[in-house]
Colleague: 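Submitted below is the structure of interest, expressed as structure tokens.
One is the number of the first residue; the rest follow in order along the sequence.
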Amino acid sequence: MTELHIPGRILFLSDDPDTIDAQLQGRALTLAQAGSMRNDVSTDEITPIPVLTYYDDRLGRYPYVGLKAGDRTPIGTDSVKLGGFSVTVAGKRYGKGSSREHSPVAERRAGIVLVIAESFERIYRQNADNVGLFTSTDFGLIDRIQRGEAIDIEELVAPRDTLAAAILRHGGLLKYGQARMRDVRPSAMANTSPRPQTLAEKILSRHLVVTDDVDGGLQSGAGGFVKADWRFIHEYYTGMCAHMLHAAFGRPTVLHEPQSIIAFEDHLSYSNRSPVHGKDGLMTGVYHLSSAHRDFVREYGIRNHGYLGDADVAHGKGSEGISHAVMAESYALPGQVLVGTDSHTPHSGAVGCVAFGVGTTDMANSMVTGAVRLTVPESLRIDLVGRIPAGVTAKDIVLDLLAQPRIKAGAGVGRVFEFAGEAIRQLSTDERATLTNMTAELGGFTGIVAPDEETVRFLRERRGVTFVIEDWMHSDEGAVYAEVIRIDCSVVVPMVARPGDPGNGVPITDVTEGPIRFDIAYGGSCTAGKREDFDEYHSVLSWAAARGLKVPSHVKLYLQFGTVAVRDYCERRGYLEAFEAVGAELLQPACGACANCGPGSSTHADQVTISAINRNFPGRSGPGKVWLASPPTVAASAIAGELVSFEELQRRFGNRASDAQC
């Protein structure tokens with residue numbers, strides 16, 4: 001194929017729902033008539049959580065069914081197919097959010113052959129390449145396509161790196177891998193850079209491999225492959241991955257170093273209590289996903305962290321833990337490369353490794369080759385300086401960073417966030433993991449913190465590992481950064497992000513539109529289900545319990561452990577008594593409400609939630625509005641029934657004695 005023939009119409013994802021309605025009813029528009037395009041279209045909107053129960057041709061019925069335009073979601077099931085659309089047009093940061101490859105697969109199977117947007121998120125665009133979906137930032141193509149002109153493939157791939165262009169010419173990564181990755185070997189150029197390097201560059205250079213098209217160079221913006229020390233996958237993607245592997249390589253497929261592949265059942269264990277899964281009749285699909293996951297684990301002898309209890313399906317008893325949280329607790333080490341089918345894989349960067357999310361095709365290819373595709377990223381240094389005030393957490397710092405104009409303008413997209421500075425030394429590994437985890441929301445490739453004495457302590461106390469930091473495990477003096485952003489942590493205050501986007505951060509004291517009352521408060525997820533997050537919940541809730549305070553009747557507070565180890569820690573510390581005394585419902589480990597997969601999700605559009613999760617895109621945690629906040633702010637607001645900091649809660653009730661004291 002040398003030309004891309006566009007058989008159908010162009011769908012403009014407009015800000016105006018009426019404009020989308022007109023297109024679905026058959027009206028053809030020009031770019032000028034379409035008006036302003038939707039920015040920040042997330043993969044949660046392209047393929048919402050319920051759609052992820054499918055991984056075959058049925059995905060083609062559902063692209064954009066969660067897309068928010070105005071106050072509506074105007075695109076319904078089968079709309080894209082029935083409308084005969086072949087091209088999608090949108091604004092900035094298209095495909096942000098989750099690493100779910102279901103999004104470009106759904107578009108492709110609905111008939112979309114090209115997506116045009118002002119800019120793309122890294123994982124989405126790589127996933128699109130991998131499934132043979134073309135992407136472009138050239139809006140000049142629109143008039144040509146509407147005139148019926150075929151577009152030369154070489155024109156579309158010319159702006160891309162050599163590897164991306166080769167993958168697209170082959171029709172996707174697995175076809176490329178079959179044809180061009182017969183010889184994968186370590187690069188002879190590793191560790192030979194004559195210039196100062198960042199820590200991420202050093203780690204990647206030590207893991208570079210050579211393929212037929214890639215010579216092992218570490219040039220920023222170039223495509224390449226690295227050998228992963230660890231690869232992990234969870235149950236939303238295992239069935240799709242197995243389907244791809246067997247279609248491309250036959251059954252059984254010979255896996256590369258299967259002992260370094262870890263499987264998790266972490267998303268769906270509470271789906272039997274998920275309103276959306278029950279209401280929409282999706283539990284049959286959930287059972288199929290679980291069955292496909294377990295079949296793959298059994299067939300290939302993969303290590304699996306599964307559901308608690310002996311049930312074979314979602315049963316509301318939780319799981320061993322959230323995948324990337326367990327990877328940091330039990331597997332990742334400084335200097336390693338770790339990849340997983342989840343956008344929050346950078347969580348493990350807190351221990352000094354390069355950890356990044358990939359799509360299903362990337363994972364399938366890595367399972368047979370051991371090599372993982374990447375576009376070599378630039379590094380962005382985040383200098384955290386000053387003394388962190390009491391009551392301010394890493395979540396407040398990252399919400400402040402997300403609100404910075406340079407970040408909102410896209411300064412972090414596709415880059416390594418290297419967190420450094422004197423304030424980093426004040427943060428525990430759990431708190432550092434909040435920063436690296438939310439690199440996904442910052443638009444980055446990954447986040448990393450150089451290993452230090454705190455890392456050594458964490459590995460010794462949590463894992464029983466005696467680790468010696470090697471001399472090379474730091475960024476060199478004079479290493480080149482794309483940009484340096486300085487955050488004075490001494491002036492950071494408790495933050496919240498208004499509903500709709502994690503970048504909507506403001507100091508809690510700047511929320512002046514009257515009391516913000518909540519129906520749901522949720523503390524948990526990978527971002528906020530760690531040991532020190534539960535220290536924060538306990539600090540607030542034990543203070544409240546000592547004064548006889550409880551969660552008001554109109555609010556439901558959920559606390560969900562990130563891993564079994566966190567739950568056991570809380571039990572040993574005696575935290576559960578205070579949690580139960582104030583009326584919190586405790587949930588076993590799972591992704592839960594963060595992925596709209598369990599208790600804590602909203603069920604109605606008029607519900608308002610305060611949550612410690614990492615993202616609040618429309619529909620992410622149910623149809624209601626979600627405010628993001630730190631663990632202590634979530635706990636304090638749950639007790640007050642409205643948005644308050646812990647400091648404000650203490651002012652209101654500080655003189656109140658408990659019933660036992662009266």
Side-chain angles (χ1 to χ4, degrees), residues 230-239 241 258-274 286-287 289-298 300-332 338-342 344-345 347-348 350-351 355 429-430 433 437 458-459 461-465 523-534 558-572 575-576 586-595 597-600 613:
W230 297 105
R231 293 157 286 166
F232 74 84
I233 192 166
H234 62 70
E235 78 271 42
Y236 258 131
Y237 301 106
T238 313
C241 184
Q259 71 277 9
S260 66
I261 301 171
I262 314 294
F264 291 89
E265 295 173 277
D266 61 355
H267 277 64
L268 293 168
S269 63
Y270 272 98
S271 56
N272 65 324
R273 291 186 58 188
S274 164
V286 169
Y287 300 149
L289 289 178
S290 290
S291 177
H293 175 93
R294 292 176 178 220
D295 286 347
F296 182 78
V297 165
R298 282 191 293 264
Y300 292 98
I302 302 300
R303 191 178 339 181
N304 186 48
H305 291 274
Y307 296 153
L308 298 177
D310 56 4
D312 288 332
V313 295
H315 58 294
K317 294 183 181 177
S319 61
E320 291 182 36
I322 300 171
S323 52
H324 26 291
V326 174
M327 293 303 298
E329 282 186 350
S330 302
Y331 296 101
L338 183 153
V339 297
T341 53
D342 197 289
H344 291 107
T345 300
H347 189 104
S348 291
V351 299
T429 302
D430 276 358
N437 176 291
F458 175 86
L459 294 172
E461 294 182 7
R462 298 285 182 91
R463 306 249 295 267
V465 172
S525 81
C526 54
T527 311
K530 307 180 297 298
R531 293 189 192 190
E532 295 201 14
D533 299 316
F534 273 85
Y558 299 93
L559 297 177
Q560 188 156 31
F561 308 108
T563 68
V564 167
V566 173
R567 179 201 66 191
D568 294 347
Y569 167 82
C570 291
E571 289 178 348
R572 290 195 304 270
Y575 286 177
L576 305 191
L586 302 179
L587 300 170
Q588 296 299 319
C591 291
C594 183
C597 286
I613 63 177

Colleague: Ignoring hydrogens and angles, tell me if any N or O in the side chain of Gln560 forms a donor-acceptor pair with the backbone of Gly529 under 3.5 Å.
Modeller: no
Colleague: A side-chain contact here means heavy atoms from C-beta on lying under 4.5 Å apart; do Arg273 and Leu587 qualify?
Modeller: yes
Colleague: When you look at Ser348 and Trp230, which way does the side-chain contact (heavy atoms from CB on, under 4.5 Å) test go after all the steps?
Modeller: CA-CA 11 Å; Ser348 291; Trp230 297 105; over 6 Å; no
Colleague: Do the side chains of Phe561 and Asp568 get nearer than 4.5 Å, heavy atoms only?
Modeller: no
Colleague: Heavy-atom distance under 4.5 Å between the side chains of Asp430 and Asp533, does that happen here?
Modeller: no
Colleague: Going by the rule salt bridge (Lys or Arg N to Asp or Glu O under 4.0 Å), which residues pair with Asp266 if we only count those two or more places apart in sequence or in a different chain?
Modeller: none
Colleague: Measure from the side-chain N and O atoms of Tyr270 to the backbone N and O of Gln588, and report whether any donor-acceptor pair falls under 3.5 Å.
Modeller: yes
Colleague: Are the side chains of Tyr307 and Arg294 in touch, meaning some heavy atoms are under 4.5 Å apart?
Modeller: yes
Colleague: Would you say the ring centers of Phe232 and His305 fall short of 6.0 Å from each other?
Modeller: no
Colleague: Could you pull out the closest heavy-atom pair between Ile613 and Cys594, with the gap in Å?
Modeller: CG2-CB, 3.6 Å
Colleague: Under the criterion side-chain contact (heavy atoms from CB on, under 4.5 Å), I'd like the reasoning laid out for Asp342 against Tyr236: C-alpha separation, chi angles, the key distance, then a yes or no.
Modeller: CA-CA 10 Å; Asp342 197 289; Tyr236 258 131; over 6 Å; no
Colleague: Any heavy-atom pair between the side chains of Thr429 and Val351 that's under 4.5 Å?
Modeller: yes
Colleague: Just checking, any donor-acceptor pair under 3.5 angstrom between side chains of Ser330 and Arg463?
Modeller: no
Colleague: Would a line drawn from the ring center of His293 to the ring center of Phe296 be shorter than 6.0 Å?
Modeller: no
Colleague: Treating Ser319 as the side-chain partner and Pro589 as the backbone partner, does any N or O pair qualify as donor plus acceptor under 3.5 Å?
Modeller: yes
Colleague: Does Val566 reach the side chain of Glu329, with side-chain heavy atoms less than 4.5 Å apart?
Modeller: yes
Colleague: For residues Glu265 and Gly306, report the shortest heavy-atom separation together with the two atoms involved.
Modeller: OE1-CA, 3.3 Å
